[in-house]
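Counting starts at 1 for both ligands and their atoms, following the listed order. Positions are given from 1, in the same order as the sequence printed here.
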Amino acid sequence: MENNYWEKVYQSKQVDKVSWYQQQDLKRLALIQHHVVDLKSNLIDVGSGASLLIDQLIEIGYKNLYLLDLSETALNTTKYRLKEKELDAGHVQWQVADICIAQLPTQFFDLWHDRAVFHFMVTETQQQQYIDVMRHALKPNGMVMISTFAEDGPTQCSGLPVERYSVNKLAMTLGQDFQLIQHDTEIHLTPWGTEQKFLNTLWRFQG
Ligand SMILES: C[S@@+](CC[C@H](N)C(=O)[O-])C[C@H]1O[C@@H](n2cnc3c(N)ncnc32)[C@H](O)[C@@H]1O
């Protein structure tokens, strides 16, 4: 993936003017709190962009948070925002990397969170690389929260083609070591009011 593409997106658009912007997702936060009870757990938001999820995770009290994105600008925007809000970013680790080839610690994460990133992996090679990195980095019994465009969702995001998923297709793609815990579909409203259908999924890694 050409990271310059995403750099340009984040250099040219305000955080709340991108189609995927979400101010708060209470359902997602509740789900994380339900399944990741220990506040010292290691949580990673893959392809975090400049998402506000991290602010809310810090406010809840999670201590070991990791953000990874192709775009340094997106992560810098997040750093600046946390400072402005006087939220303690001391426990956040930052990594500018392509998730398909990222170096991550072995069997480390209790939660792997991905909203609107895996669907950009449109070749089998990219999907397999992503899954290999995730398998390497997850603790046994670690949780995986992946949201993609649903099978009747948009065919593109930010001008890039995406792979759309039903829960069965995603299960086949992830492989049998990922046990489905729950899933639903959600209509996301872009800042300009367009509806986008998402598939939200939660899995337990049994590798
Ligand atoms: C649609 S945005 C979603 C951002 C964030 N997850 C959210 O929900 O607000 C997709 C994000 O994935 C990042 N991204 C795309 N491909 C990536 C890759 N191969 N490795 C790491 N990050 C990637 C982009 O830079 C962008 O921030």
**Study point:** Atoms of ligand 1 close to Asp98 [distance to a heavy atom under 4.0 angstrom, numbered from 1]
**Key:** 18 (C), 19 (N), 20 (N)
Review point. Which of the atoms of ligand 1 are close to Phe120, meaning less than 4.0 Å from one of its heavy atoms?
Key: 1 (C), 10 (C)
Practice item. Working to the nearest 0.5 Å, report the span between CG of Leu57 and CG of Leu53. Key: 4.0 Å
Exercise for review: Tell me, please: is Ser48 in heavy-atom contact with ligand 1, that is, under 4.0 Å?
Suggested key: yes
Point to revise | Contact check: Arg115 vs ligand 1, nitrogen or oxygen atoms, below 3.5 angstrom | key: yes
Revision key, fill the gap. At under 4.0 Å between heavy atoms, what of Met121 touches ligand 1? The answer is side chain
Review point. Could you state the interatomic distance from CG (Leu160) to OH (Tyr5), rounded to the nearest 0.5 Å?
Key: 4.0 Å
Practice item. Determine the interplanar angle of the His119 and Phe149 rings, folded into 0 to 90°, and report it as parallel if under 30°, tilted if 30 to 60°, perpendicular if over 60°. Key: tilted
Point to revise | Side chain, backbone, both or neither: the part of Val117 lying under 4.0 Å from ligand 1 by heavy atom | key: side chain
Atom pairs and distances, side-chain donor-acceptor, residues 130-148, under 3.5 Å, sequence neighbours left out:
from	atom 1	to	atom 2	distance (Å)
Tyr130	OH	Trp112	NE1	2.9
Tyr130	OH	Asp114	OD2	2.5
Asp132	OD1	Gln128	NE2	3.3
Arg135	NH1	Asp177	OD2	3.0
Arg135	NH2	Asp177	OD2	2.6
His136	NE2	Leu104	O	3.0
His136	NE2	Thr106	OG1	3.2
Lys139	NZ	Asp110	OD1	3.0
Lys139	NZ	Asp110	OD2	3.2
Ser147	OG	Arg28	NH1	3.4
Ser147	OG	Arg28	NH2	3.1
Ser147	OG	Asn200	OD1	2.7

Check your understanding: What side-chain hydrogen bond (donor to acceptor under 3.5 Å, both in side chains) pairs are there with at least one residue in residues 40-55, not counting sequence neighbours?
Key -> Asp45-His113, Asp55-Arg81, Asp55-Lys85
Practice item. Hey, could you give me the OH/CE distance between Tyr165 and Met172, rounded to the nearest 0.5 Å? Key: 12.0 Å
**Study point:** For Ser51, the ligand 1 atoms whose distance to one of its heavy atoms is below 4.0 Å
**Key:** 7 (C), 9 (O)
Study note, to complete from the structure: Numbered in order shown, the ligand 1 atoms found under 4.0 Å of a heavy atom of Ala97 are 20 (N), 21 (C)
Point to revise | Proximity winner for atom 11 (C) of ligand 1, if only heavy atoms of Cys157, Ala50, Gly47 are counted | key: Gly47
Study note, to complete from the structure: At under 4.0 Å between heavy atoms, what of Ser19 touches ligand 1? The answer is neither
**Study point:** Any donor-acceptor N or O pair under 3.5 Å, side chains Gln127, Thr173
**Key:** no
Exercise for review: May I ask you to check whether Tyr10 has an N/O atom sitting below 3.5 Å from an N/O atom of ligand 1?
Suggested key: yes
Point to revise | ligand 1 atoms in contact with Ile99 (distance to a heavy atom under 4.0 Å) | key: 18 (C), 19 (N), 20 (N), 21 (C)
Point to revise | Ligand-residue contact atoms, ligand 1 with Gly49, heavy atoms, under 4.0 Å | key: 27 (O)
Review point. Would Ala102 count as a contact of ligand 1 if the rule is a heavy atom under 4.0 Å away?
Key: no
Exercise for review: Give a yes or no on whether Lys169 atom NZ has more than 12 heavy-atom contacts from other residues, nucleotides or ligands under 6.0 Å away.
Suggested key: yes
Check your understanding: Does the ring centre of Phe120 sit less than 6.0 Å away from the ring centre of Trp6?
Key -> yes
